[in-house]
Amino acid sequence: MKSRLPLPPPSALLPSFRGALHDRRTAAAIGRLLGVAMLVCMVTGVLSHYLQHPPSWLANDLPARPTWGYRLNQGLHVGVGIAAIPLLFGKLWTVYPKLFVWPALKGVRHALERLSVAVLVAGAVFELLTGLLNTVQWYPWPFSFVPVHFAVGWLLTGALLLHLAVKWPDIKAYWWQRSAATRALPQEPENAPDRRSLLTGLAVAVGAVTVTTVGQSFTPLKDVDLLAPRHPDHGPLGLPVNRTAAAAGTTRVDTAAWRLTVAGPRPYELTLDELAALPQYEVELPIACVEGWSKNAHWTGVRIKDLTERAGAPGAALRVVSLEQHGAYRVMDMGRTYARDPLTLLALRLNGQVLTPDHGYPARIIAPNRPGVLQTKWVTRLEVR
Amino acid sequence: MAGRYAVGALGLALMGLGASLVWAQSPWDVAVWLVGAIVLHDGLIAPLVLLVGLGGALTRPGVRGPLRAALVTAGCLTAIALPDILRPGPKNNATVLPLDYVRNWLVLLGVVGFGAVLVLAVRRVQAARRRRGL
Ligand code: HEM
């Protein structure tokens with residue numbers, strides 16, 4: 001008779017978890033915060049997308065108020081995204097043992113459920129990782145960031161909704177302190193101290209990553225901005241820069257030769273001196289970068305509304321052309337709501353000083369409630385549309 | 001019940017939209033990065049955390065709580081500091097990544113460690129007082 005080696009079943013080779021924290025109640029508690037964070041990121045992300053690339057039927061009706069709208073939107077997107085990083089780690093930690101369930105696939109339904117969770121996990125890690133790396137302008141992947149981050153955002157949001165529908169019974173059972181399943185737990189369950197310390201640790205971690213980065217857009221906290229890729233105090237004339245004059249090829253603009261050309265029903269040209277002789281206005285408006293940093297500044301210049309009025313088309317929508325030769329934002333379209341706004345300027349001065357080359361000398365756009373990439377620098381031409 | 005199915009169906013529809021948008025870009029590269037995200041977490045980060053957790057489990061329950069909170073916080077701070085520190089290549093301009101991130105990261109780890117020690121010390125004093133019936 002052949003003696004058979006007692007082979008262990010495959011499940012015995014997989015890690016097993018006795019740790020007290022991999023329970024459904026903790027998963028639901030962290031999950032609902034993470035879910036809210038992901039939805040905030042998706043909503044602010046989609047708003048940012050349409051503020052940058054409005055469909056033509058919307059382009060003339062985008063709101064120019066509140067002036068800090070885009071600043072808040074993008075600050076929230078990046079701030080809540082960073083705060084979600086500890087939550088995602090915490091959530092994945094509580095559900096990690098599920099990766100090793102045995103049998104791995106119990107049937108079609110189970111297979112689909114696991115597939116949707118895989119999409120959810122992959123999408124969440126992917127969005128947080130690509131978003132974070134984009135803020136430090138690091139692009140180690142072979143695809144272009146914006147459209148792919150946008151696409152995976154939809155994939156992730158879909159997987160999240162599907163997940164909520166599938167897990168609804170568990171979510172409902174553990175939602176409240178007084179929910180049925182929560183009350184069925186022992187009064188002071190054995191894992192209570194461990195569970196509390198995990199949740200406290202996550203709360204402290206969320207606070208820590210937020211406080212050390214949010215100062216890049218929430219300037220009152222700039223002194224503890226230790227880990228953000230930007231700092232409000234670092235930049236010429238007290239304002240950070242993204243595209244430099246060197247990159248744009250506009251370091252030495254010949255002031256004597258420069259003209260502002262305004263094309264419209266009554267076209268005209270202005271020298272820099274003539275422009276500076278027109279009525280000047282001072283406004284306080286933020287530069288709010290799509291990458292999440294932002295800062296308020298004082299701008300002085302000529303109202304766009306006055307310039308279009310002089311061209312015989314008061315408050316008309318505009319196409320703005322920069323001196324730069326290449327670059328995705330050389331030509332910028334400005335809808336009517338911004339073009340007729342009294343706060344929208346062709347600015348010549350920043351914080352009381354003449355613009356530096358990196359800030360768009362000799363003239364740049366500043367408008368309320370718009371992403372920084374659309375605050376066109378080194379302007380040379382305005383076309384009434 | 002109907003609501004549950006509606007949410008699930010909406011989720012499937014949005015997943016379809018997302019997949020078609022990915023398809024219009026570079027689907028294989030994105031797929032590699034999506035699968036890579038799972039492998040990075042489940043294959044590398046999670047086992048590392050488990051190992052650290054095993055070490056922590058050897059400590060006394062009173063020490064374990066603050067230790068766990070400190071490690072979670074330090075780990076997350078490290079995760080967001082790494083891109084600042086490791087980003088290769090020349091920077092776009094001097095206002096991008098203008099700080100000394102290695103120094104700031106080490107300072108923050110020090111603060112977290114100090115905070116944990118402080119919590120443990122306070123607890124110890126409180127426990128001693130309780131024992132003396134104060
Ligand atoms: C749940 C996670 C996230 C979702 C669903 C999400 C979704 C989105 C969406 C839909 C956009 C608009 C893309 C477009 O304009 O076409 C966007 C843009 C952006 N996201 Fe996220 N995001 C997430 C996490 C993050 C994180 C964690 C960060 C950074 C820390 C981040 C940084 C950015 C940046 C910088 C942009 C602007 C890109 C640009 O226009 O240049 N995102 N996001």
Under 4.5 Å from a heavy atom of chain B, the part of A:Ala118 involved: both
Residue pair A:His359 / A:Leu350: nearest heavy atoms and the distance that separates them: CD2-CD2, 3.4 Å
Donor-acceptor contact present, side-chain A:Asp358 to main-chain A:Ala245, <3.5 Å: yes
Under 4.5 Å from any heavy atom of chain B - which part of A:Asp225: both
Most chain A-contacting option - heavy-atom pairs closer than 4.5 Å, from B:Val72, B:Val49, B:Asp42: B:Asp42
Under 4.5 Å from any heavy atom of chain B - which part of A:Asn242: both
Min side-chain heavy-atom separation B:Leu109-B:Thr78 under 4.5 Å: yes
Side chain / backbone / both / neither for A:Thr213 at chain B, heavy atoms under 4.5 Å: side chain
Worked verdict on B:Val32 versus A:Trp141 for side chain to side chain contact (heavy atoms under 4.5 Å, CB included): CA-CA 10 Å; B:Val32 167; A:Trp141 42 75; over 6 Å; no
Engaged part of A:Ile85 at the chain B interface, taking heavy atoms whose separation is under 4.5 Å: side chain
Part of A:Val119 within contact of chain B (heavy atom distance under 4.5 Å): side chain
Contact winner vs chain A - B:His41, B:Gln25, B:Arg4, heavy-atom pairs under 4.5 Å: B:Arg4
Most chain B-contacting option - heavy-atom pairs closer than 4.5 Å, from A:Thr200, A:Val121, A:Thr135, A:Val148: A:Val148
Top contributor to chain B contacts, counting heavy-atom pairs under 4.5 Å, from A:Trp138, A:Trp293, A:Phe89: A:Trp138
Expected output: side-chain A:Lys377 to main-chain A:Arg243 donor-acceptor under 3.5 Å: yes
Ring geometry between A:His53 and A:His49 (parallel below 30°, tilted from 30 to 60°, perpendicular above 60°): tilted
Region of A:Leu128 that comes under 4.5 Å of a non-hydrogen atom in chain B: neither
Closest approach of A:Pro236 to A:Thr356 (non-hydrogen atoms, all atoms of both residues): CB-OG1, 4.2 Å
Pairs of heavy atoms under 4.5 Å with chain A: top-ranked of B:Ala13, B:Ala46, B:Gly16: B:Ala46
Min side-chain heavy-atom separation A:Leu120-A:Leu160 under 4.5 Å: yes
Residue selection (most heavy-atom pairs with chain A, distance under 4.5 Å) from B:Gly89, B:Ala69, B:Pro83: B:Pro83
Pair A:Tyr139-A:Asn134, side-chain donor/acceptor within less than 3.5 Å: yes
Option that, when pairs with chain A are counted at under 4.5 Å, heavy atom only, ranks first among B:Val96, B:Leu40, B:Val22: B:Val96
